Amino acid sequence: MNNLLGLPVLASEHGRDVDNLIIYVHWLMIVLFVGWLAYFAYALFRFHCSRNPKADYVGVKNHASNYIEGAVAIVEGVLLIGVAVPLWAKAVDKFPDKNQSTVLQIVAQQFAWNVRYPGKDGEFGQQDMTLVSEANVFGVDPNDPKGKDDAIGLNEIHVPFVKNADGKTRPVIIYLSSKDVIHFFKLIALRITQDAIPGLTFPIWFRPTQEGRFQINCAQLCGVGHSTMAQGFLVVESQEAFDKWLASKSGGATNLE
């Protein structure tokens, strides 16, 4: 069914549940489509003028349509309560431990994605939104020593692909915000979507299941350069490659180059 629907490559653990929900909804739509076509054909035959030269104002006396509508409502309820809600609850209620995760910040702007990582101390420097500028997108306090080794990147978001002691891949936690207007962070391959709103920070997380380079899209019309937001990429790579990239960015908390 995945191939039939042409679903994109899947690179996250929770994405399988998302794909299953999409498939279930399509099966329901196929059944409804075929059912309505069959009913349309039956109505054309049953109520043709040659068979019913005189109009009948009494109408249908049975309750078959009510039963069908009730069955459809039940199936939709099962998809919502049995699949969609548990999927959402799993993402929200079972948030991973920060100490066992790769933690980063992303700030969207017209028209790019800024990314920030804690340095060797494992802690982000203090932020003050009054300090936000072209050279300091994250508003990092220059007087806080914890921010001196923070790493900054632009449009290239790197995360390591490693396994924790429990055998699962290390989760990635992203704290997402926006510098200017509403953007929409969309990672299709990882089945991740989240609004980026100025003044608010939203946490999202995922477990990558394979290495690769995956495009980031902005699914919210954010200005005349909206299409250039697609130049952002998530790079899932080995721990060695990630450490090398991070070392090349460290110490640039107020430098986007």
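Treat the numbers as computed from the prediction; the structure is a model and nothing was measured.
- Shortest non-hydrogen contact noted between Phe214 and Val236 is CE1-CG2, 3.8 Å.
- Summarising the geometry of Thr228 relative to Gln231, their closest heavy-atom pair is O-CG, 2.9 Å, with the distance given to 0.1 Å.
- Side-chain atoms of His48 never come within 3.5 Å of backbone atoms of Leu44 as a donor-acceptor pair (strictly under, hydrogens ignored).
- To the nearest 0.5 Å, the span separating NE2 on His183 from OG on Ser178 amounts to 4.0 Å.
- For Lys90 (side chain) and Phe95 (main-chain N/O), no donor-acceptor pair under 3.5 Å exists by modelled atom type.
- Here the side chain of Asp144 pairs a donor or acceptor atom with the backbone of Lys146 at under 3.5 angstrom.
- The hydrophobic clustering, which links ILVMFWY residues whose side-chain heavy atoms are closer than 4.5 Å, places Ile152 and Val140 together.
- Looking at every heavy atom in both residues, Gly199 comes nearest to Ser177 through N-OG, 4.3 Å.
- Remark: the backbone N or O of Thr130 is paired with a side-chain donor or acceptor of Asp128 at under 3.5 angstrom.
- Atom CD in Gln239 sits 4.5 Å away from atom CG in Asp243 (nearest 0.5 Å).
- Residues Leu87 and Trp205 fall into different hydrophobic clusters, defined by Ile, Leu, Val, Met, Phe, Trp and Tyr side chains chained together at heavy-atom separations under 4.5 Å.
- Across all their heavy atoms, Gln210 and Ala11 have their closest contact at CG-CB, 3.9 Å.
- Within the 3.5 Å criterion, the main-chain N or O of Gly225 finds no donor-acceptor partner in the side chain of Gln110.
- In this structure a side-chain-to-backbone donor-acceptor pair under 3.5 Å is present from Thr169 to Pro208.
- The only member of Trp113, Phe202, Tyr175 that meets ring pair (Phe, Tyr, Trp, His ring centres under 6.0 Å) when paired with Phe185 is Trp113.
- A chain of hydrophobic side-chain contacts below 4.5 Å, direct or via other Ile, Leu, Val, Met, Phe, Trp or Tyr residues, connects Met229 to Ile157.
- Listed here is the closest heavy atom pair of Thr193 and Lys186: CG2-NZ, 3.3 Å.
- One distance of note links CG of Leu21 with CG of Leu80; it measures 9.0 Å at 0.5 Å rounding.
- Each of Val83 and Val31 belongs to its own hydrophobic cluster when Ile, Leu, Val, Met, Phe, Trp and Tyr are linked at side-chain heavy-atom distances under 4.5 angstrom.
- Separation of atoms CZ (Phe138) and CD (Gln105) is listed at 6.0 Å; rounding is to 0.5 Å.
- Separating the CH2 atom in Trp245 from the CD atom in Glu156 is a distance of 8.0 Å, to the nearest 0.5 Å.
- When hydrophobic clusters are built by joining Ile, Leu, Val, Met, Phe, Trp and Tyr residues whose side-chain heavy atoms come closer than 4.5 Å, directly or via intermediates, Ile173 is not grouped with Leu234.
- In this pair, Tyr39 and Trp36 present their aromatic rings perpendicular. The plane angle is above 60°, beyond the 30 to 60° band.
- A heavy-atom distance below 4.5 Å is found between the side chains of Arg207 and Pro171.
- Side chain of Tyr117 to main chain of Gly153: no donor-acceptor pair is present (N/O by atom type, distance under 3.5 Å, no hydrogens or angles).
- The only member of Val115, Thr201, Val137, Val132 that meets side-chain contact (heavy atoms from CB on, under 4.5 Å) when paired with Val107 is Val137.
- Nearest heavy atoms, Asp150 versus Glu123: OD1-O, 3.3 Å.
- Rounding to the nearest 0.5 angstrom, the gap separating the CG atom in Asp195 from the CD1 atom in Ile204 is 10.5 Å.
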Show your reasoning for whether side-chain contact (heavy atoms from CB on, under 4.5 Å) applies to Gln126 and Asn143.
-> CA-CA 9 Å; Gln126 292 294 320; Asn143 297 318; over 6 Å; no

